[in-house]
2 protein chains.
Amino acid sequence: MRIDHLSKQQPAHPGIIHVEPLFLPENVIKALTIDNLIFGLDNDELKVLLVKRHEPGHDNLWALPGGWIRYDENLRDAAARLLEEWTGVKNLYLEQLKAFGRIDRFPNERVVTIAYYALVSAENYQDVIALSAGDVHWASVNNLPELIYDHAEILSYGIKFLRHQVCHQPIGFNLLPEKFTLLQLQALYEAILNTTLDKPNFRRKIMKMDLLTPCNEKQQGVPHRAANLYRFDPEVYKQLSESGFSFEI
Amino acid sequence: MRIDHLSKQQPAHPGIIHVEPLFLPENVIKALTIDNLIFGLDNDELKVLLVKRHEPGHDNLWALPGGWIRYDENLRDAAARLLEEWTGVKNLYLEQLKAFGRIDRFPNERVVTIAYYALVSAENYQDVIALSAGDVHWASVNNLPELIYDHAEILSYGIKFLRHQVCHQPIGFNLLPEKFTLLQLQALYEAILNTTLDKPNFRRKIMKMDLLTPCNEKQQGVPHRAANLYRFDPEVYKQLSESGFSFEI
DNA sequence: ACAAAAGTGTTCTTCTTACACCCATGC
DNA sequence: GCATGGGTGTAAGAAGAACACTTTTGT
């Protein structure tokens, strides 16, 4: 709905800051778009948010949620704005993935896209579908539908990248609720990496890093012994990484 | 010389595929440029290639070598073309770094740049200066001059990224000659990481990875015992990484 | 009592670190 | 023979892997 006007309604002489009257928002760099890879965790399964696209040429294919970069907005701000427009949620974890610009990636027109990836916490996971304007779907990364343009390539790159990042940067926490148990964290890694981990060893490894602060609270309403809740401490991580510590799973 | 026409000679209505008669090459996406971070190793010091820019506003500042992306060329092809234009050398190691697009990074006009980083082997290191058209300079990354626009920010990000990459991907070899000694490799890591490493331990760590094939040759003309020469084997690395191996220094 | 998950302990192996040492070669 | 770098050995300690075990709590 947001990204697909150019090739049909516009002849091939759009200007960089020229204001288009009809279908395009004002002040966009028309050759440049954002595509967001929005990841979430659902029952220990890694999901990505896809949107349905109704285009004449491509019948109802799925796509990454994206849109145009405005002429007067920073790249990251554009990605954050579009992220909020599509999910209804603010302030998610968001980082640039890569620019994709194959000549023929977009029909009729040269369009370069800058892909960002975002992580949705468990608290917001359900809201994302509820708040967004229909035709939006959490797809399992292990069972993806056919995607439009080069979005399969972008997503595949992004999943590989996420698998790498999650092992080398403490970003996985962004997929969990603010307060989480060690087993939830372990399940997260097992889900993203498609593997199984040894519980005692995983606990020790994480705890030795001193990145988690205990909430002095326990799980509520579980049908078994309640686990301690922890919270990730970005301040401690910042200090540690300045003194040479590097996160590794 | 290549990147600095837009703000002065062009009024603010360039078209995406419109052919400009005078100063711009044809068929460029005018809002999009490439900037290359070209690294080389000189006497165990990490250097980066900078070019002098003669612009009215900024008196003789240094810049990253870059240029326009043509309308009909892939991003990576554009980076490779510009890399060859500036260095005279083909087929260097080249990967995308990141897109930079702060609103005010470029004067008068919104220009997004996609930064790539390249590694120049020891064989080509001297040629780069010799072949390129003047006003080009290998600067030590530890002693950088003032740079134009946001190039200092881009370079600082790139150096940090290179330091990380070199520890997690076997890319350092691209800075050495094709055949190199283990001590050359160690000196490379010491130069890039600004640290010292234990010789016996470094050797064992590298050799255990099985990524180096001995050339069955020794150094020539050194005033001490000649070291064995090795060569990096990308095929072996490919196989290993497919079976789960991950490179770590 | 039992199921289900929380959490601890122990052993064996491997890797890391630090440092001592011998080897080959040109001058 | 001595300086210079090439190359190997080794022992102590840290970290990782595998798995047995005890604890807590809701039903």
Side-chain angles (χ1 to χ4, degrees), chain A residues 41 43-44 122 166-168 170 176-177 179-191 193-231 240 243-249, chain B residues 41 43-45 122 167-168 170 176-177 179-191 193-231 240 243-249:
Chain A
L41 206 62
N43 287 314
D44 301 338
V166 93
C167 290
H168 297 280
L176 296 177
K179 300 171 182 183
F180 53 85
T181 70
L182 292 179
L183 212 67
Q184 281 177 296
L185 187 61
Q186 180 181 341
L188 177 149
Y189 279 98
E190 292 178 335
L193 303 176
N194 270 323
T195 182
T196 60
L197 299 166
D198 181 84
K199 185 172 55 158
N201 295 337
F202 180 82
R203 298 172 71 85
R204 270 187 289 259
K205 188 175 211 162
I206 293 289
M207 294 313 283
K208 187 156 27 173
M209 295 186 196
D210 275 328
L211 293 173
L212 301 187
T213 39
C215 302
N216 300 318
E217 267 181 76
K218 290 190 180 294
Q219 279 180 309
Q220 300 292 323
V222 283
H224 52 73
R225 176 174 173 182
N228 281 317
L229 292 170
Y230 295 88
R231 158 199 335 257
L240 283 177
S243 53
F245 166 81
S246 92
F247 183 87
E248 292 286 331
I249 295 286
Chain B
L41 206 62
N43 287 314
D44 302 340
E45 203 178 6
C167 289
H168 297 281
L176 296 177
K179 301 171 180 181
F180 52 85
T181 71
L182 293 179
L183 212 68
Q184 282 178 294
L185 187 61
Q186 180 181 339
L188 178 150
Y189 279 99
E190 292 179 336
L193 304 176
N194 270 323
T195 182
T196 61
L197 299 166
D198 182 84
K199 186 171 56 161
N201 295 337
F202 180 82
R203 298 173 69 87
R204 268 187 290 261
K205 189 173 211 164
I206 293 288
M207 294 314 282
K208 189 157 28 176
M209 294 185 194
D210 274 328
L211 292 174
L212 300 187
T213 40
C215 302
N216 300 317
E217 264 180 80
K218 291 192 182 292
Q219 278 181 311
Q220 300 291 325
V222 284
H224 51 75
R225 176 174 174 183
N228 280 317
L229 292 169
Y230 296 88
R231 156 196 340 255
L240 283 177
S243 54
F245 165 82
S246 91
F247 182 87
E248 293 285 332
I249 294 286

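So that the names make sense, note that chain A is the first sequence line, chain B the second, and so on, each numbered from 1.
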Take atom [atom1] of [X] and atom [atom2] of [N], then tell me their distance rounded to the nearest Å.
X: A:Gln219; N: D:dT25; atom1: CD; atom2: C1'; value: 11 Å
X: B:Gln184; N: D:dG6; atom1: CD; atom2: C1'; value: 13 Å
X: A:Gln220; N: D:dT24; atom1: CD; atom2: P; value: 18 Å
X: A:Asp44; N: C:dA5; atom1: CG; atom2: P; value: 11 Å
X: A:Asn228; N: C:dA6; atom1: CG; atom2: P; value: 11 Å
X: A:Asn201; N: C:dA6; atom1: CG; atom2: C1'; value: 16 Å
X: A:Arg203; N: D:dA17; atom1: CZ; atom2: P; value: 17 Å
X: B:Phe202; N: D:dG5; atom1: CZ; atom2: P; value: 17 Å

Would a distance-only check, ignoring hydrogens and angles, find a side-chain to backbone donor-acceptor pair under 3.5 Å from A:Tyr189 to A:Val166? yes
Could you check whether the side chain of [X] and the base of [N] have a donor-acceptor pair of N or O atoms closer than 3.5 Å, going by distance alone?
X: B:Arg204; N: D:dT10; value: yes
X: A:Lys199; N: C:dG7; value: yes
X: A:Arg225; N: C:dA6; value: yes

For residues A:Leu212 and A:Met207, report the shortest heavy-atom separation together with the two atoms involved. CD1-SD, 4.5 Å
Grab the two heavy atoms, one from A:Gln184 and one from A:Pro177, that are nearest each other, plus how far apart they are. NE2-CG, 4.0 Å
Value for NE2 (A:His168) from OG (B:Ser246), rounded to nearest 0.5 Å, stands at 6.0 Å
Interatomic distance, CG@B:Leu176 vs CG@B:Leu188, rounded to 0.5 Å, equals 5.0 Å
Tell me what B:Leu182 touches on the nucleic acid: a base, only sugar-phosphate, or nothing, going by heavy atoms under 4.0 Å. nothing
Minimum-distance nucleotide to B:Asp198 side chain [options: D:dG16, C:dC15, C:dC19]: C:dC19
To the side chain of B:Pro200, which of C:dG7, C:dC19, D:dA15 is closest? C:dC19
Assign each of A:Lys205 and A:His224 the nucleotide of DNA chain D bearing its closest heavy atom; nearer the 5' end lies the nucleotide of A:Lys205
